[in-house]
Amino acid sequence: MIYPDELLAWYATEQRDLPWRRPGVSAWQILVSEFMLQQTPVARVEPIWLEWIARWPTPSATAAASAADVLRAWGKLGYPRRAKRLHECATVIALEHSDAVPKDVDTLLSLPGVGTYTARAVACFAYRQRVPVVDTNVRRVVARAVHGRADAASPTARDLDDVAALLPGDSSAPQFSVALMELGATVCTARAPRCGSCPLRHCAWRSQGFPASSCPPRRTQRYAGTDRQVRGRLLDVLRGNSFPVNRVELDVAWTTDTAQRDRALDSLLVDGLVEQTADGRFALCGEGDDAGPQGPRRSRADNTEGDDAGPHGPRRSSHSPGERR
DNA sequence: GTCCCGGCTT
DNA sequence: AAGCCAGGAC
């Protein structure tokens, strides 16, 4: 059992001052923070989020930006498909929801890039609804304090029910949820929990003498040398160029394994993060399009700024990925 | 289940 | 060198 009073009292004094928790932050801005925080630590998100919401404070403002500029602003946060989905999400909200982030969990779930966690996080933190918000931190805290296990099993629908049963019945449910996440992030951490600083009077894991994990150790998720790193290198080249670049400029970004490089480039084309111009060069998807993916494209006659290399209808790559491993 | 990112901590 | 992130789509 986790008693709301002790958790809320702890949170009142120990919470981190995170900008998306401050008063006056809009539902859209909270949604942006949740996209960025998917699998990405708070410290890396904070500066990007601050720049982002100052530049594009609303869904329609985000939708009006080009996909390429969105990818540039995303920088090296990682998982750039999130940036594309956020841009798509902004477009859907602007066009189909009158520029207002939906409040209903099921409607939120229908948005691009919004899954079980993010939908409920927005419903709870932006709209103060009493819905269970379950991320990796919450699952770990519940596994320990409630079930006496060192760490959580794979995510299931049961997790939502577990947390729903813990939520206080009154309007403090959102604070309880954010406090649970905060506890997992700063005290009940995965590797070196600081149990001496834990505000919970009762913890099943502690009561049972901190039994070791029964789960097999997770396979290490490497980064160096993976396709993900190669994709990052290629995108880094394109982020630094306002104009389409020649193939050779991408080739020099990764020379240790040319087949892997080709596979990474192909996957970026498939993901819609990169596009090929009619003359065979490469650019960030939506480069030069400042009206969003659904918006009207500028006609050639209107484009007199001289910074556009020409029409670039998206071209699908034709070579096969060449699976291996 | 697999893939997707990157910087930081330990 | 490896673990660790406020997950989602397939």
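Below, read A as the first sequence line, B as the second, and so on, with proteins coming before strands; counting in each chain starts at 1. Predicted, not measured: the structure shown is a model, and the values here were computed from it.
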Determine whether a donor-acceptor pair (N or O, by modelled atom type, separation under 3.5 Å) exists between the side chain of A/Arg149 and the backbone of A/Trp205.
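No: the side chain of A/Arg149 does not pair with the backbone of A/Trp205.
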Using whole Å, report how far [atom1] of [X] lies from [atom2] of [N].
X	N	atom1	atom2	answer
A/Leu108	C/dG7	CG	P	17 Å
A/Tyr223	B/dT2	OH	C1'	18 Å
A/Phe35	C/dG8	CZ	P	9 Å
A/Tyr79	B/dC4	OH	C1'	5 Å
A/Glu46	C/dC5	CD	P	19 Å
A/Leu37	C/dC4	CG	C1'	15 Å

[options]: which one has an atom nearest the side-chain heavy atoms of [X]?
X	options	result
A/Pro80	B/dC4, C/dG7, B/dG7	B/dC4
A/Val42	B/dG6, B/dC4, C/dA6	C/dA6
A/Gln38	C/dA9, C/dC5, C/dG7	C/dG7
A/Arg44	B/dG7, C/dA6, C/dG7	B/dG7

Near DNA chain C, counting only heavy atoms under 4.0 Å, which residues of residues 181-190 of chain A show up?
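Result for residues 181-190 of chain A: A/Met181, A/Ala190, sorted by number.
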Steps toward salt bridge (Lys or Arg N to Asp or Glu O under 4.0 Å) verdict (A/Arg263, A/Asp266):
CA-CA 5 Å; A/Arg263 185 168 67 245; A/Asp266 190 66; over 6 Å; no
Along DNA chain C (nearest heavy atom to each residue), the more 5'-positioned of A/Leu109 and A/Arg191:
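Going by which nucleotide is closer to the 5' end, it is A/Arg191.
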Take A/Pro112 and A/Arg21, find for each the nucleotide of DNA chain C with the closest heavy atom, and name the residue whose nucleotide sits nearer the 5' end.
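The 5'-side residue here is A/Arg21.
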side-chain N/O [X] vs [N] OP1/OP2, d < 4.0 Å:
X	N	value
A/Arg81	B/dC3	no
A/Thr116	C/dG7	no
A/Tyr117	C/dG7	no

Rounded distance in Å between the C1' positions of C/dC10 and B/dG6
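Rounded to whole Å, the distance is 23 Å.
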Pairwise C1' distance, C/dC4 and B/dC4 [rounded to whole Å]:
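Rounded to whole Å, the distance is 16 Å.
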Evaluation steps, salt bridge (Lys or Arg N to Asp or Glu O under 4.0 Å), between A/Asp151 and A/Arg139
CA-CA 8 Å; A/Asp151 40 37; A/Arg139 293 195 306 112; over 6 Å; no
Quick test of your reading of the model: are A/Asp262 and A/Arg247 salt-bridged, counting only N-O distances below 4.0 Å?
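A salt bridge links A/Asp262 with A/Arg247.
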Pair A/Arg130 + A/Asp170: basic N to acidic O under 4.0 Å:
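So A/Arg130 does not pair with A/Asp170 through a salt bridge.
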Take A/Arg120 and A/Glu34, measure what salt bridge (Lys or Arg N to Asp or Glu O under 4.0 Å) needs, and give me the verdict at the end.
CA-CA 10 Å; A/Arg120 287 169 179 79; A/Glu34 296 298 348; over 6 Å; no
So which of A/Thr116, A/Leu160, A/Asp162 actually passes side-chain contact (heavy atoms from CB on, under 4.5 Å) with A/Pro132?
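Option passing the side-chain contact (heavy atoms from CB on, under 4.5 Å) with A/Pro132: A/Leu160.
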If you assign each of A/Ser267 and A/Ser154 to its closest nucleotide in DNA chain B, which residue comes earlier from the 5' end?
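Nearest nucleotide further toward 5': that of A/Ser154.
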